[in-house]
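To start, the structure itself, in structure tokens.
Position 1 is the first residue of the sequence, and the numbers go up from there. Order of appearance sets the numbers: ligands from 1, and atoms from 1 within every ligand.
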Amino acid sequence: MKKILITGGAGFIGSHVVRLFVNKYPDYHIYNLDKLTYAGNLLNLTDVESKPNYTFIKGDIVDGDLMLKLFKEHQFDGVIHLAAESHVDRSIENPMEFVMTNVVGTVNLLNAAKAIWKDQWEGKRFYHVSTDEVYGALGHEGFFTEETAYDPHSPYSASKAGSDHFVRAYHDTYGLPTIISNCSNNYGPNQFPEKLIPLFLNNIRNNKPLPVYGKGENVRDWLYVIDHAAAIDVIFHKGPDGETYNIGGHNEWKNIDLIKVMIKVMDKKLGREPGSSEKLITYVTDRAGHDLRYAIDSSKLQNELGWKPSLQFEEGIEKTIDWYFNNEEWLDSTTSGDYQKYYDQMYGHR
Ligand code: NAD
Ligand code: TYD
């Protein structure tokens, strides 16, 4: 039985990866290691928690001794590393937390894998999940490829870039069997309502203002989270050591246009006058260092490993909105308590 460590499995993307691996690979044992920060939510995994091939471990990747102890105890064959601080606005408020988890935490995992695998790389794999934000910002033309030079602008993207560099360095220096993917913005069920889509969905539902940064002209390339999990599965199993793959769905939206699509779909579902929720749109001070445009060229992944996105955006956004409407308990529980304090601190003054 293969033992796979998935870090950050209680978060948004991690929970979809855990579910996919637990259900698809009954001959793997999946260990989900998560600190359960504000973004970690075990409610995301109630359907897999009692499966015999699943174990949850509460732990902090910043604790290097603990990482070594866990590797010794469980002798993991593979790692899929998603644990991270992931929200740009929080990174602007508190960069050090991003350095600790994203850089130091990643190096702790690399050290533990290196110490326990001891050059016996056969059948071993260290998969690091990263973001397209490491490439910086595009103008109105062009796409990020795997060859694009790193040019991060936010403390979040700088910390992810740092972790990517360490992963490559451990491959090039010690021969660790690593692989990296850089994905565009994800959306779908279980995303913590601080990111654009679930935050605005919840605010439209509750008739609260929609804080659009700047003029809403920034462009993001959106991928349905289940398609990201499927790409991770393909890359984990088929990608050669030392490689990098970009993941994206060629699905670019200007923020303001995407918000209007959400409003259109939600007004209909809520029985409101079409477009009436547009009155909630509130233009606020732009995010510092706000990258204009992200867009991914994923042709390497599509051509070499045969992955492609399964959903068109219109279908994905409709499914996403339906999920949040059908899981209002999840939404209400994540928007209470600490999250409310955060909301007031970040947006309350506007
Ligand atoms: P998330 O914030 O929803 O989840 C992060 C998870 O990591 C949480 O469960 C949290 O409890 C856990 N965690 C945080 N610090 C930890 C620590 N010190 N020790 C152990 N666990 C810790 O993030 P997400 O959106 O699911 O992103 C997952 C990964 O994918 C991240 O590495 C992120 O950089 C990357 N990524 C995200 C996107 C996106 O659009 N969300 C796009 C591309 C890449
Ligand atoms: P976000 O979901 O934070 O993802 P990222 O910054 O990692 O791309 O933001 C997506 C886009 O939406 C980004 O251009 C910033 C913008 N945005 C707003 O206009 N208002 C908001 O309240 C948030 C959270 C984001």
Side-chain angles (χ1 to χ4, degrees), residues 6-18 32-42 44-45 57-63 66-67 80-92 97-98 100-102 104-106 108-109 128-134 137 154 156-157 159-160 163-164 181-188 190-200 203 209-223 225 228-229 232 246-248 253-256 258-259 281-287 289-294 296 334 343 346-347 350:
I6 298 183
T7 69
F12 166 48
I13 301 168
S15 61
H16 290 281
V17 176
V18 166
N32 171 14
L33 170 70
D34 200 296
K35 183 182 173 183
L36 297 183
T37 67
Y38 76 94
N41 187 346
L42 288 177
N44 294 350
L45 289 168
I57 303 168
K58 186 170 189 295
D60 186 343
I61 59 170
V62 175
D63 183 343
L66 176 65
M67 293 311 102
I80 305 178
H81 174 37
L82 297 110
E85 286 292 335
S86 69
H87 189 42
V88 173
D89 293 333
R90 286 181 190 255
S91 81
I92 295 168
E97 218 169 318
F98 285 67
M100 294 312 292
T101 287
N102 298 1
V104 177
T106 300
N108 282 336
L109 287 164
H128 177 61
V129 175
S130 193
T131 167
D132 62 354
E133 303 191 25
V134 298
S154 73
Y156 164 63
S157 54
S159 67
K160 290 296 290 187
S163 64
D164 293 11
S181 59
N182 297 85
C183 189
S184 62
N185 286 61
N186 283 215
Y187 70 100
N190 301 103
Q191 188 169 28
F192 190 79
E194 64 180 349
K195 305 278 169 65
L196 180 73
I197 289 181
L199 175 71
F200 279 33
N203 286 10
L210 307 174
V212 178
Y213 298 159
K215 294 186 178 143
E217 299 277 310
N218 303 67
V219 174
R220 297 292 181 264
D221 182 354
W222 294 94
L223 182 70
V225 64
H228 187 186
I232 289 174
N246 280 354
I247 312 174
W253 287 86
K254 230 183 237 181
N255 290 341
I256 191 66
L258 180 143
I259 292 158
I281 292 173
T282 311
Y283 291 95
V284 299
T285 314
D286 207 353
R287 173 188 279 172
H290 197 172
D291 288 333
L292 175 67
R293 174 172 168 257
Y294 303 141
I296 276 279
T334 54
Y343 189 90
M346 297 296 287
Y347 306 110
R350 290 189 176 132

Where ligand 2 meets [X] - atom numbers and elements under 4.0 angstrom, heavy-atom basis:
{"X": "H290", "value": "13 (C), 14 (O), 15 (C)"}
{"X": "V212", "value": "19 (O)"}
{"X": "L199", "value": "22 (O)"}
{"X": "H87", "value": "3 (O)"}
{"X": "E133", "value": "5 (P), 7 (O), 8 (O)"}
{"X": "L196", "value": "2 (O), 10 (C), 12 (O), 17 (N), 18 (C), 24 (C), 25 (C)"}
{"X": "V88", "value": "6 (O), 7 (O)"}
{"X": "N255", "value": "11 (C), 12 (O), 13 (C), 14 (O), 16 (C)"}

Show which atoms of ligand 1 fall inside a sub-4.0 Å distance from at least one heavy-atom site of [X].
{"X": "T37", "value": "10 (C), 11 (O), 14 (C), 15 (N)"}
{"X": "G59", "value": "19 (N), 20 (C)"}
{"X": "V129", "value": "30 (O), 32 (O)"}
{"X": "N185", "value": "40 (O)"}

Do [X] and [Y] come close enough that some side-chain heavy atom pair is under 4.5 Å?
{"X": "V225", "Y": "F12", "value": "yes"}
{"X": "V129", "Y": "I13", "value": "no"}
{"X": "N108", "Y": "D63", "value": "no"}
{"X": "L42", "Y": "D34", "value": "no"}
{"X": "H81", "Y": "I61", "value": "yes"}
{"X": "P211", "Y": "N203", "value": "yes"}
{"X": "T334", "Y": "P193", "value": "yes"}

task = Quick one: look at K160 and ligand 1, take heavy-atom pairs under 4.0 Å, and tell me if it's side chain, backbone, both or neither.
result = side chain

task = Tell me which part of L36 gets within contact of ligand 1: side chain, backbone, both or neither, using heavy atoms under 4.0 Å.
result =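 L36 to ligand 1: backbone contact only, side chain stays beyond 4.0 Å.
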
Out of curiosity, is [X] lining ligand 1, as in a heavy atom under 4.0 Å away?
{"X": "G105", "answer": "no"}
{"X": "T7", "answer": "no"}
{"X": "Y156", "answer": "yes"}
{"X": "S130", "answer": "yes"}
{"X": "S184", "answer": "yes"}

Any N or O of [X] closer than 3.5 Å to N or O of ligand 2:
{"X": "E194", "result": "no"}
{"X": "Y213", "result": "yes"}
{"X": "W222", "result": "no"}
{"X": "P211", "result": "yes"}
{"X": "F200", "result": "no"}
{"X": "N185", "result": "yes"}
{"X": "N218", "result": "no"}
{"X": "R220", "result": "yes"}

message = Check R90 with E194, please: is the shortest side-chain N to carboxylate O separation under 4.0 Å?
response =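 Yes, this pair counts.
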
Closest by any non-hydrogen atom to [atom]: pick that one out of [options].
{"atom": "atom 29 (C) of ligand 1", "options": "N108, L109, L82", "answer": "L82"}
{"atom": "atom 14 (C) of ligand 1", "options": "C183, A84, S159", "answer": "A84"}
{"atom": "atom 20 (C) of ligand 1", "options": "E97, H16, K35", "answer": "K35"}

Which residue holds the protein heavy atom closest to [atom], what is that atom called, and what is the gap in Å?
{"atom": "atom 15 (N) of ligand 1", "answer": "T101 CG2, 3.5 Å"}
{"atom": "atom 41 (N) of ligand 1", "answer": "I13 CD1, 3.7 Å"}
{"atom": "atom 18 (N) of ligand 1", "answer": "D60 OD1, 2.8 Å"}
{"atom": "atom 4 (O) of ligand 1", "answer": "G11 CA, 3.4 Å"}
{"atom": "atom 9 (O) of ligand 1", "answer": "D34 OD2, 2.6 Å"}
{"atom": "atom 19 (N) of ligand 1", "answer": "I61 N, 3.0 Å"}
{"atom": "atom 3 (O) of ligand 1", "answer": "F12 N, 3.0 Å"}

Taking every non-hydrogen atom, the tightest pair across [X] and [Y]:
{"X": "H228", "Y": "N186", "answer": "ND1-OD1, 2.8 Å"}
{"X": "D286", "Y": "Y213", "answer": "OD1-CB, 3.5 Å"}
{"X": "W222", "Y": "Y187", "answer": "CB-CD2, 3.9 Å"}
{"X": "L258", "Y": "I197", "answer": "CD2-CG1, 3.9 Å"}
{"X": "G9", "Y": "V18", "answer": "CA-CG2, 3.8 Å"}

message = Using a 3.5 Å distance criterion without hydrogens, assess whether the side chain of N182 forms a donor-acceptor pair with backbone atoms of T131.
response = yes

Check: D221 main-chain N/O paired with S184 side-chain donor or acceptor under 3.5 Å =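 Yes, S184 side chain to D221 backbone: donor-acceptor pair under 3.5 Å.
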
Should [X] be counted as touching ligand 1, given the test is an N or O pair under 3.5 Å?
{"X": "T131", "answer": "no"}
{"X": "S86", "answer": "yes"}
{"X": "Y38", "answer": "no"}
{"X": "N186", "answer": "yes"}
{"X": "E85", "answer": "no"}

In terms of side-chain heavy atoms, does [X] have a donor or acceptor partner in [Y] at a distance below 3.5 Å?
{"X": "E133", "Y": "Y294", "value": "yes"}
{"X": "S15", "Y": "N190", "value": "no"}
{"X": "H128", "Y": "S163", "value": "yes"}

